[in-house]
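Read through the structure below, which is laid out as structure tokens, and then see the notes.
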Amino acid sequence: MAEALKSVPGRPGVAKPSPILVVEGVRRAFGGLVAVDVEHLEIQRSSVTALIGPNGSGKTTLFNLLCGFDSVDEGEWRIFPGSRGGGVQPGPEAEESKLGEVRLTGRQSYEIARLGMVRTFQLTKSLSLLSVLDNVLLAAKDQVGERLSRSLGRRWREIDERNRSAAMEILERFGLAHMSDEYAGALSGGQRKLLELARAVMARPSLLLLDEPLAGVNPALVESILEHLLKFPAEGMTVLFVEHSMDMVMSISDWVVCLEEGSVIAEGPPEVVASDPLVVDAYLGREE
Ligand SMILES: Nc1ncnc2c1ncn2[C@@H]1O[C@H](COP(=O)(O)OP(=O)(O)OP(=O)(O)O)[C@@H](O)[C@H]1O
Ligand SMILES: [Mg+2]
């Protein structure tokens with residue numbers, strides 16, 4: 001719980017009382033440029049943790065690596081999924097996720113999602129020629145898998161119906177139910193961000209990695225997204241999100257991690273990190 005972080009000293013790589021994610025020596029270089037070099041990082045279960053850092057500091061690359069969208073040069077990471085959040089239908093990997101610890105190093109992105117870590121993208125990835133509802137259903141199908149649909153035969157229809165009603169419930173929650181039959185391409189930028197959140201929640205993650213969920217969203221929707229984020233931990237979904245606005249970070253985070261040139265230069269409670277000279281320098285340095 002966020003409460004548990006109160007006793008944790010704010011310093012890079014510090015151990016957490018109940019981590020859901022532990023990252024060890026994760027490194028990725030592009031040619032001569034070291035994009036990510038994280039020695040040790042733990043994310044506390046049931047917290048809202050912000051990942052900050054100047055442009056190009058490696059936030060998106062770190063998400064890509066952790067979720068299997070890119071390969072590390074070195075390092076490993078594992079999750080401790082515990083109970084799953086969101087959605088309804090237990091996936092075929094549910095048994096595996098009951099294990100205390102799951103090593104994610106080298107796994108494919110779809111496997112990592114099934115094991116409970118789901119991310120959204122800085123540039124939204126909704127499929128514009130599918131309906132809003134189908135976009136959300138796709139996240140459920142990823143979970144259940146075609147393999148299961150074949151072996152279940154006529155039970156498949158039941159599962160499909162259950163998924164549809166779960167997807168509609170989630171769309172309702174994110175204020176998109178009235179647009180369920182529209183092409184996703186017809187949504188505004190902010191609504192696409194909400195659709196991405198809806199898809200992520202449909203996958204029943206225990207850890208949600210959100211890459212700039214508020215970027216390009218109008219102020220009314222920002223409020224709504226912030227409210228959703230704050231509710232996720234109580235529903236079994238830990239949140240790690242990237243955000244540039246320190247106001248947003250300060251208002252909703254339990255803990256803040258700052259990257260610079262791929263490494264964690266500071267972590268701690270929001271007010272401590274915001275006034276850390278290294279963090280201030282990192283941002284000022286980039287603005288010259
Ligand atoms: N596929 C790639 N090939 C080469 N360089 C890359 C690649 N992806 C990222 N980089 C470089 O790695 C560094 C980290 O980029 P990354 O996108 O992770 O930063 P970021 O912290 O997410 O930045 P922003 O806040 O602008 O989104 C940058 O210097 C970027 O140019
Ligand atoms: Mg980025």
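Start at 1 and go down the list; that is how both ligands and their atoms are numbered.
- A donor-acceptor pair shorter than 3.5 Å cannot be found between the side chains of Ser131 and Asp181.
- The aromatic ring centroids of Phe121 and Phe69 lie less than 6.0 Å from each other.
- A donor-acceptor pair shorter than 3.5 Å cannot be found between the side chains of Asn64 and Arg28.
- Between Glu235 and Arg173, at least one side-chain nitrogen of the basic residue sits less than 4.0 Å from a carboxylate oxygen of the acidic one, meeting the salt-bridge criterion.
- Of all protein atoms, those that are N, O or S and lie under 2.8 Å from the Mg ion (ligand 2) total 2.
- With Tyr283 contributing its side chain and Gly53 its backbone, the two residues share a donor-acceptor pair below 3.5 Å.
- Protein residues lining ligand 1, listed by chain and number: Phe30, Leu33, Ala35, Pro54, Asn55, Gly56, Ser57, Gly58, Lys59, Thr60, Thr61, Gln122, Glu212, His244 [non-hydrogen atoms, distance under 4.0 Å].
- The shortest distance between side-chain heavy atoms of Val136 and Leu171 falls below 4.5 Å.
- When the shell of 6.0 Å around CD of Glu39 is examined, it contains 12 or fewer heavy atoms from other residues, nucleotides or ligands.
- Here the options are Ile252, Leu197, Leu210, the test is side chain to side chain contact (heavy atoms under 4.5 Å, CB included), and the partner is Ile225; only Leu197 passes.
- Between Lys16 and Glu267 there is a side-chain heavy-atom pair separated by less than 4.5 Å.
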